[in-house]
Structure formats: structure tokens, C-alpha cells
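Written out below as C-alpha cells is the structure these notes cover.
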Amino acid sequence: LQPTDIDEKTGDSVETVLRSKHPDARIPKPESLPNYAQTPDFVEVDITADAVEKVARRLSGSAGLGGTDSHALKHWLLRFGVASLKLREALADFTDWLSNGFPPWAGYRALMSGRLCALDKCPGVRPVGVGETWRRATAKILLLVAGAEAKEACGIDQLCAGLEAGIEGGIHAMQALWDLHEAEENWGFLLVDASNAFNEQNRIEMLWAVRHEWPSGARFVFNCYKHWAVLVLRGNDGHAVFIFSKEGVTQGDPLSMFAYGIGILPLIRQLKAEFPRVEQPWYADDAGAGAKFDEIERFFQRLCEIGPLFGYYPEPTKSILIVHQHNLEEARLRFPAFK
């Protein structure tokens, strides 16, 4: 979509919708941040030219603002012998700089900028940030070396961090649960949708959680999100829209699933502790709740209360309650806001 196009869902211009989807930064109260028993030491990450080579062979995607797409960068990193080796070593050093230190923002802020694309959701607009290919490469290098720790931190609580067969396991587990409660009265499964979740997540809370849950990736994530990044939406008429990314993570960033998933972990764990009888599969911002209607009602009310502390805003009208046929009328009476 072009900046001047009209969004069918809201009637506003795409530019206006995109600005509304990138809210101002919110400073949380210290007491609202999750409590951790201790702060782990930072873990040094060993970035080598071999890791760069492995990532280079799997690079994909279009160009960011600088114009270098994945095909060109892959070519440079792999096809020119000694020159490519030196470039891989330089990229490894740069990734090491971001992963194990706190470099000045001015030294790499241009690399954090992105090309903003407005995708048509029919209806609605989805913002996607296409970062510089160099930046995407550094993020994938970090994930290759340190992503296992993030996956371990999320475990089965958050299935978006690469747990092997996690999604398949969740599907089969919920299908078994559905079959188990087939004849039960007032039992259902709620699919929760949140509003603009990736861009609304509280960035400070996310960085706080990453610092404690993912020590080997904490400095890299902090260096990427410690300041506002510039997103540029280009129009066919030469007009360009500049928007600051102040909250959440950028959709399109290879880090986004890991950073978002870890950032929402404290919310997930609190809900699981308060509602042990509610089965709660989570994939990024998509939550599920399988239980009796009373439990689902209390669960959703609590999620609406504490979710905004993390930048998680549930939308009842976009959430779906799935029930067996004999519970349909009762569900419509109890939950008129749900689909």
C-alpha cells in the first residue's frame, strides 16, 4: 500500500494508520517490572568468520534503505576468495562489537534504520520493517551462536523461540484436550488476539526481561533497541514518510520473535501461576485458554488488567471462543463480545 492510499478498515490514510501503529514510548513504574532473584552476569559470545559463512549461505530477503539485498551480500561474502574471507571476518568483528559491548549509538544508528512496508490485511494495514541486510545478517549470526539459550528460557511456555516440534506438540496437546472435554458442560477454548502487539509491547520491560532471561543475547538486543529507530515508507510519487519506532520490536527483524517472546514471558508465567486449571498455549502474542467458562472469564479479565503493563492489549471482538455444539447457546449468553 502507498502512504496516500485509504485503509478500508478505518477510512484513514495508510500514513495515518502507520503512525497510530507506532505509539510513543511509555516509561513503566519500577514496581511494575518483574522481580528476579538475581541478575545474571553477561555471557561473552564467540563470533567467528565460520558462523558468518553459515549464515551467509542462508541469507534471504529484499533490500533495506541502503539498497543491498540478500543476493548481493551473499555473493560478496562467499564468491570472492580471500576478499570474501576478509569481509566475513569484518562482519564477525562488527557482530562481536554489538554482542559483547556497548558501542555508541552514533556509530551504527544508520544500520538500525529500516524500509517500512504497509501490507494490506484486507481490511487493515500491517506494518513490516525491512531492515538493512547487514543488520539482518548480524542478528542471524547472534541467533546461530546464542539462540539456544533463548529457546531454553522460553521452553514450553512460549513456542515462538524455535522449540523443536513445539507448534506440532501444542496442536496435538490441545486436540487431545478438546476430545477429553467433548461431553463436558460449559467448557471451551478461547483464542486471544491482541491489538498491534509487536509495536505496543513495552520496550523497557522487554529489555528488562531479556537482560535476566537471555544473558548471552542481552547486549545485542539492548544495542538494537536502546534508541528509536527510523522507519521510512516510500511512495511512488517520491514522497517519503519518516516514523520513529519507539516501542516494541520491529516486525521483520530476525530478533523480533525471540525478543518479543521473552518479553512476554513474565506475563505468561504470572497467568499460569494464578490460573493453574486453565490450559494456556502461547505463540508470540497469540494466546489460548482451555477451561470451564467461569475460569475463562476470570482468566480474560485478569489478562485485560495486567496485560497493558507489558504492552499487551487483548481485543475481545477479535478473540474467538470455540465450544462444542451443546455449549453454543450458553457461550453466546456468557461471552457476547467474543466471536
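Using a 4.5 Å cut-off on side-chain heavy atoms (C-beta onward), R302 and E274 make contact. No side-chain heavy atom of F335 sits less than 4.5 Å from a side-chain heavy atom of F300. Between E184 and K292 the shortest side-chain heavy-atom distance falls below 4.5 Å. T4 has its side chain out of reach of S13: every pair of non-hydrogen atoms, C-beta onward, lies at least 4.5 Å apart. Contact of the D193 side chain with the I320 side chain is not registered, since no non-hydrogen atoms from C-beta on lie closer than 4.5 Å. P28 places none of its side-chain heavy atoms less than 4.5 Å from the side chain of L309. Side-chain atoms of L255 and V249, non-hydrogen and from C-beta on, never get closer than 4.5 Å to each other. In this structure the side chain of E185 reaches within 4.5 angstrom of the side chain of N327, judged on heavy atoms.
Of all non-hydrogen atoms in G188 and V323, the two that sit nearest each other are CA-CG1, 4.0 Å. Contact between F275 and R298 at its shortest, heavy atoms only, is CZ-O, 3.5 Å. Contact detail for A63 and T133: the closest heavy-atom pair is CA-OG1, 4.2 Å. The minimum heavy-atom distance between W187 and G290, with the atom names listed, is CZ2-C, 3.8 Å. The minimum heavy-atom distance between S84 and F80, with the atom names listed, is OG-N, 2.8 Å. When all heavy atoms of G147 and W214 are compared, the pair lying nearest together is CA-CZ2, 4.3 Å.
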What do the steps show when you test S62 against R115 for side chain to side chain donor-acceptor pair (under 3.5 Å), and what is the final call?
-> CA-CA 10 Å; S62 61; R115 179 168 58 88; 2.9 Å; yes

Is there a ring-ring contact (aromatic ring centres under 6.0 Å, His included) between F102 and F42 once you walk through the steps?
-> CA-CA 12 Å; F102 296 101; F42 287 116; 5.8 Å; yes

Decide ring-ring contact (aromatic ring centres under 6.0 Å, His included) for W178 and H324; before the verdict, give the C-alpha distance in whole Å, the side-chain angles of both, and the deciding distance to 0.1 Å.
-> CA-CA 9 Å; W178 176 258; H324 289 284; 3.7 Å; yes

F94 and Y108: ring-ring contact (aromatic ring centres under 6.0 Å, His included), yes or no, with the steps?
-> CA-CA 10 Å; F94 182 75; Y108 63 95; 7.1 Å; no

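Taking a cutoff of 4.0 Å between a charged side-chain nitrogen and a carboxylate oxygen, E8 and K121 do not qualify as a salt bridge. At a threshold of 4.0 Å, the pair E329-R332 counts as salt-bridged, since one of the basic side-chain nitrogens sits closer than that to a carboxylate oxygen.
Counting non-hydrogen atoms of other residues, nucleotides and ligands closer than 6.0 Å to CD of E31 gives a total above 12. Summarising the local packing, CG of D41 is surrounded by 12 or fewer heavy atoms from other residues, nucleotides or ligands at distances under 6.0 Å. The environment of NZ in K86 is sparse: at most 12 heavy-atom neighbours from other residues, nucleotides or ligands sit within 6.0 Å. Heavy-atom neighbours of H71 NE2 from other residues, nucleotides or ligands within 6.0 Å: at or below the threshold of 12. Within 6.0 Å of CD in E330 there are more than 12 heavy atoms belonging to other residues, nucleotides or ligands.
Taking the six-membered ring where the residue is Trp, F198 and Y260 present parallel rings, their angle staying beneath 30° rather than reaching 60°. The aromatic rings of Y36 and W208 lie tilted to each other, with the angle between the two planes from 30° to 60°.
To the nearest 0.5 angstrom, L85 atom CG is 11.0 Å from L78 atom CG.
No donor-acceptor pair closer than 3.5 Å links the side chain of N199 to the backbone N or O of H22. A donor-acceptor pair under 3.5 Å links the side-chain atoms of N223 to the main chain of G101, judged by distance alone.
Connection of I306 to I204 is not established within any shared hydrophobic cluster, with ILVMFWY side chains joined at heavy-atom distances below 4.5 Å, either directly or through further cluster members.
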